[in-house]
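These notes are about the structure you will find just below.
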Amino acid sequence: MVVHQIVVQHNGTPYPLQFDTDNGLEVLRYQLFSLTFVPPEKQKIVSSSDKPLVNESDLLNIPLSDGCRFTLHEEDDGDSDDASTAAQDTEAILKADEELARSLQAEEEAIFYQQQRDERGLVEFQRRIEPYISQVMQYEEPLRQDAARRSVPQHELEENAAIALAKEGKKRPTQLEMDYAFLLQLLFWFKKSFRWINAPCCLSCGAETSNVGMGQPNSEELKYGGNRIEIYRCQLCEKLTRFPRYNDPLKLIETRSGRCGEWANCFTLYCRALGYQSRLVLDLTDHMWTECFSEFLGRWMHLDPCEATFDKPLLYEEGWGKKLNYIIALSKDGVYDVTKRYTRHWDEVLRRRIITSEHNANVVITNLTSFIRRGFPSSSLPVLQVRDKQEAEEIQRAQHEYKTSSEAFQGRQSGAKEWRIARGEFNATESAASHMTCPLRLCVDEHVSKVSGALGLLCIEFCRKESLSRLKKVLKELHEVLHQLKAAPFKARKVKINLLTDPPSFYEDIGAATFQKILCALHLKQMAHEAGDLWICLGGDPIETALAIPVALEQIKSLCDSININTSKESSGLERLRFLTENERLFGGTCQASGEEPPLGISSSAFDGLHSTKWEDPSGAKGSWIICYFPDGVAENVTAYDLTSANDCPERDPMNWVLEGSRDGGFTWNVLDTQHSMQFYKRFERKTFHIAPKKQSLCNALSNVSTASCLY
């Protein structure tokens, strides 16, 4: 092994780095990727003698020494000089001006064409919208709101919201932040609890069915707005199954199934029942979703329960490829044309708005809003008018905002693939976002290290006694107690243990100091014994306990899985436990990645100690990187690291990567470990990789550069 200190020049900036000749050209390319963000396949490396480095033999023909200099170019789109860049900028400005002028002219032509249309379009436009007014008024009825609130696990969603904010470093959030986070958790819960129906299963045998037409509704179906009845024939027993398309959200709370109309209808009721200003949004090209006013953002926010997507209004035009025309929002306060919020091609949309003229559309919307507000107190009308004006200005401003080149949207995810393709919403050619630096995020994982340390003390006690079977029993009983605590309301967690009739092994076998250490790590405490009962309850901030308990449950399960009570393998089990428990886990600091998938697949999810979360880079197939910076720039000696396969198909697991360490906060990097053709044989499989002693060094930052998806 020969290590040289070389310098690589890129775009006028010198990048010093240590290059190990044993690693070869591929590792050098990934080192440069982590420094310059130039993908390996686009790198053109040239020596000081103008000789390009293309393969390994080129390295052998160049005399390497300390101070050896190279130049890095980015092929194709990366070779423009300052003059050409300025010319391109000027050309882009001129093109934007021309596009604006063309758009304004097209808008005038479209309006002129609309004005020539028959006035009968006004009646048709009103007929398409007016029935939904009675539907949104149902959201205000106490009976339906009470039913909705009873069916929502509010304590669970409140806990999830608090955890999500805590992971962003907001352990003392404002009420506005908490309301916003709760709304997002409501959206994610609804997506999991509601069922999409392409074709219902046979009610007799459960087999698949095929549509054979429409049927007549019966009195019970009409009672809940089931005016449309789809009929399906079983492919196995040939019996018929009815699929009523209910419009009453009270019935939908019971059935929890349907397509986008049922989903948006029921979700909007949930939002209203939980106190959010909400609207049902009708897309006349056949889709529906919800809007809620976010006090935290100070504006209306798009929420699509079918996709579990929020605040992405351009999803339908850019991701699904929909040819939008009219998008109308309805609420207890009025009717609103919000089409411009969902498009950046208004002139094209305007050509497709052919039901009636723009004037007539505005007349219908104004009249319907006046009808809804007819009984409102006079004092509330000026407030609503000011809010309407502010929203109109906000939507108009959005028309002049250009999309960034890195913004990317998926095609439709809900519904059968064949159905999505038939509707033209599949978007099979969608491209993920290009490599771009994501926000710097906090690594809120001190609780993970504390839990690991506390459970480590427990394991060490039993490892010394060489009693793995006893340890496994203790861990299982402790797991059961923590499971009961997790199921309790997070602000009032407690569990009772009867020490007289059923004393747990963990209380009898664990030393008092170790037991107290475990409780402290979980921010729990034990209460005084009363009539032989021991109470374990909150001993600190409930959010800290909410963060720690899931980690403890997963770590205990992992420890139990690693214990093999087969006598012939007991020594190997002990060796594994000692490694897991006697090494200190690093925590804290910040992290950053080449890409991520908010809100769940963000970079900090790679370090939160949970199998159920993951970091996800949508561009991972092209290569990705993730960097963690240790707190306060303190250097640590890293001896090993873990990677865990996520809940994805094996093809998305990382296979090849380079782990690098830096002593200067990420300016220069040294290779610590390289892995090739690595395989994970099951989901949530954790692998530990040891860094060779000769590679170990003090680092205050780590970087993992991969050629795979890097889902951990």
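Hydrogens, waters and symmetry mates are skipped; everything else that's a heavy atom, side chains included, is used. Residue indices begin at 1 and follow the sequence shown.
Side-chain atoms of S605 do not come within 3.5 Å of backbone N or O of G601 as any donor-acceptor pair. Proximity of a side-chain donor or acceptor of R259 to a complementary backbone N or O of I197 within less than 3.5 Å is detected. At least one donor-acceptor pair under 3.5 Å links the side chain of N247 to the backbone N or O of G225. Distance alone, capped at 3.5 Å, is enough to place a donor-acceptor pair between the S151 side chain and the A148 backbone. The backbone N or O of E307 lies less than 3.5 Å from a partner atom in the side chain of T309, making a donor-acceptor pair. Between the side chain of T209 and the backbone N or O of P200 there is at least one donor-acceptor pair closer than 3.5 Å. Q592 contributes no side-chain N or O that, together with a main-chain N or O of I626, makes up a donor-acceptor pair within less than 3.5 Å. Using a distance-only test at 3.5 Å, with no hydrogens or angles considered, no donor-acceptor pair links the side chain of R233 to the main chain of N211.
In terms of heavy atoms, Q185 sits closest to A164 at NE2-CB, 4.0 Å. G334 approaches I372 most closely through the heavy-atom pair CA-CD1, 3.7 Å. Taking each heavy atom of G226 and P217 in turn, the nearest pair found is O-CB, 3.3 Å. For C591 against F607, the heavy-atom pair with the smallest separation is CB-CE1, 3.7 Å. Taking all atoms of both residues into account, the shortest heavy-atom contact from W615 to G595 is NE1-O, 2.8 Å. The shortest non-hydrogen separation linking V349 to N325 is CG1-O, 3.5 Å.
The CD1 atom of I328 sits 5.0 Å away from atom OG1 of T339, with the distance rounded to the nearest 0.5 Å. Between I253 atom CD1 and S193 atom OG the span is 11.0 Å, to the nearest 0.5 Å. How far CG of N265 is from CZ of R245: 11.0 Å, rounded to the nearest 0.5 Å. Interatomic distance, L250 CG to R144 CZ, rounded to the nearest 0.5 Å: 5.5 Å. Once rounded to the nearest 0.5 Å, the distance linking CG of L269 with OG of S278 reads 9.5 Å. Taking OG1 of T356 as the reference point, atom CD1 of I354 lies at 11.0 Å (rounded to 0.5 Å).
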Checklist entry - Between R272 and E140, does a salt bridge (Lys or Arg N to Asp or Glu O under 4.0 Å) hold up when you go through it step by step? => result CA-CA 7 Å; R272 283 297 301 134; E140 308 306 312; 2.8 Å; yes

Checklist entry - Under the side chain to side chain donor-acceptor pair (under 3.5 Å) criterion, do Y232 and E230 qualify, and how do the steps go? => result CA-CA 7 Å; Y232 292 81; E230 298 176 6; 2.5 Å; yes

Next on the checklist: Does D286 form a salt bridge (Lys or Arg N to Asp or Glu O under 4.0 Å) with K322? I'd like the steps, not just the answer.
Outcome noted: CA-CA 10 Å; D286 193 22; K322 287 178 76 70; over 6 Å; no

Next on the checklist: Run E262 and R256 through salt bridge (Lys or Arg N to Asp or Glu O under 4.0 Å) and show every step you take.
Outcome noted: CA-CA 9 Å; E262 290 91 341; R256 292 176 178 264; over 6 Å; no

Next on the checklist: For V386 and K389: C-alpha separation, side-chain torsions, deciding distance, then whether side chain to side chain contact (heavy atoms under 4.5 Å, CB included) applies.
Outcome noted: CA-CA 5 Å; V386 170; K389 181 180 178 182; 5.7 Å; no

Checklist entry - salt bridge (Lys or Arg N to Asp or Glu O under 4.0 Å) between R441 and E596: does it pass, once the steps are laid out? => result CA-CA 11 Å; R441 299 190 181 277; E596 58 185 20; 2.5 Å; yes

Checklist entry - Yes or no on side chain to side chain donor-acceptor pair (under 3.5 Å) for R387 and Q277, after CA distance, side-chain angles and deciding distance? => result CA-CA 12 Å; R387 192 184 70 181; Q277 298 182 54; 2.6 Å; yes

Item to check | T241/C234 under side chain to side chain contact (heavy atoms under 4.5 Å, CB included): CA gap, chis, key distance, verdict | outcome: CA-CA 7 Å; T241 295; C234 179; 5.9 Å; no

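A perpendicular orientation is assigned to the rings of W320 and Y316, their planes being inclined by more than 60° (bins at 30° and 60°). Classified by interplanar angle (parallel below 30°, tilted 30° to 60°, perpendicular above 60°), the ring pair W300/F293 is perpendicular.
Among pairs with a residue in residues 154-182, those fulfilling ring pair (Phe, Tyr, Trp, His ring centres under 6.0 Å) read Y180-F296, at least two apart in sequence or across chains.
Salt bridge present: R127 and E124 bring a charged side-chain N and a carboxylate O closer than 4.0 Å. Look at E394 and R341 and you find a salt bridge, because one of the NZ, NE, NH1 or NH2 atoms lies within 4.0 Å of a carboxylate O, short of that distance. Salt-bridge annotation for K170 and E177: present, with a side-chain N of the basic residue lying under 4.0 Å from a carboxylate O of the acidic one.
Counting only N and O atoms by type, the side chains of Q175 and D179 include a donor and acceptor under 3.5 Å apart. A donor-acceptor pair shorter than 3.5 Å can be found between the side chains of N198 and W196. Between the side chains of W289 and Y342, at least one donor N or O sits under 3.5 Å from an acceptor N or O. Residues Q235 and S210 have side chains that bring a donor and an acceptor to within less than 3.5 angstrom of each other. With 3.5 Å as the limit, one finds a donor-acceptor pair spanning the side chains of T268 and T290. Inspection of the Y246 and N227 side chains reveals no N or O donor paired with an N or O acceptor under 3.5 Å. For the 3.5 Å distance criterion, the side chains of S380 and R373 fail to qualify, holding no donor opposite an acceptor.
Sparse packing is recorded around CD of Q216, with 12 or fewer heavy atoms of other residues, nucleotides or ligands lying under 6.0 Å away. Surrounding CZ of R149 are more than 12 heavy atoms belonging to other residues, nucleotides or ligands, all under 6.0 Å away. At most 12 heavy atoms of other shown residues, nucleotides or ligands fall within 6.0 angstrom of atom OH in Y132. At most 12 heavy atoms of other shown residues, nucleotides or ligands fall within 6.0 angstrom of atom CZ in F371. The neighbour count for E208 CD, taken as heavy atoms of other residues, nucleotides or ligands under 6.0 Å away, does not exceed 12.
Residues F194 and W189 place their aromatic rings such that the two centres sit no closer than 6.0 Å.
None of H287, K312, K191 except one satisfies the side-chain contact (heavy atoms from CB on, under 4.5 Å) rule with D304; the exception is H287.
Every residue two or more places apart in sequence or in another chain that forms a side chain to side chain contact (heavy atoms under 4.5 Å, CB included) with A329 is listed here: R279, V281, E291, Y336, V338.
Remark: R128 fails to qualify as a cation-pi partner of F125 under the 6.0 Å distance and 45° angle criteria applied to the six-membered ring.
No side-chain heavy atom of T174 sits less than 4.5 Å from a side-chain heavy atom of M178.
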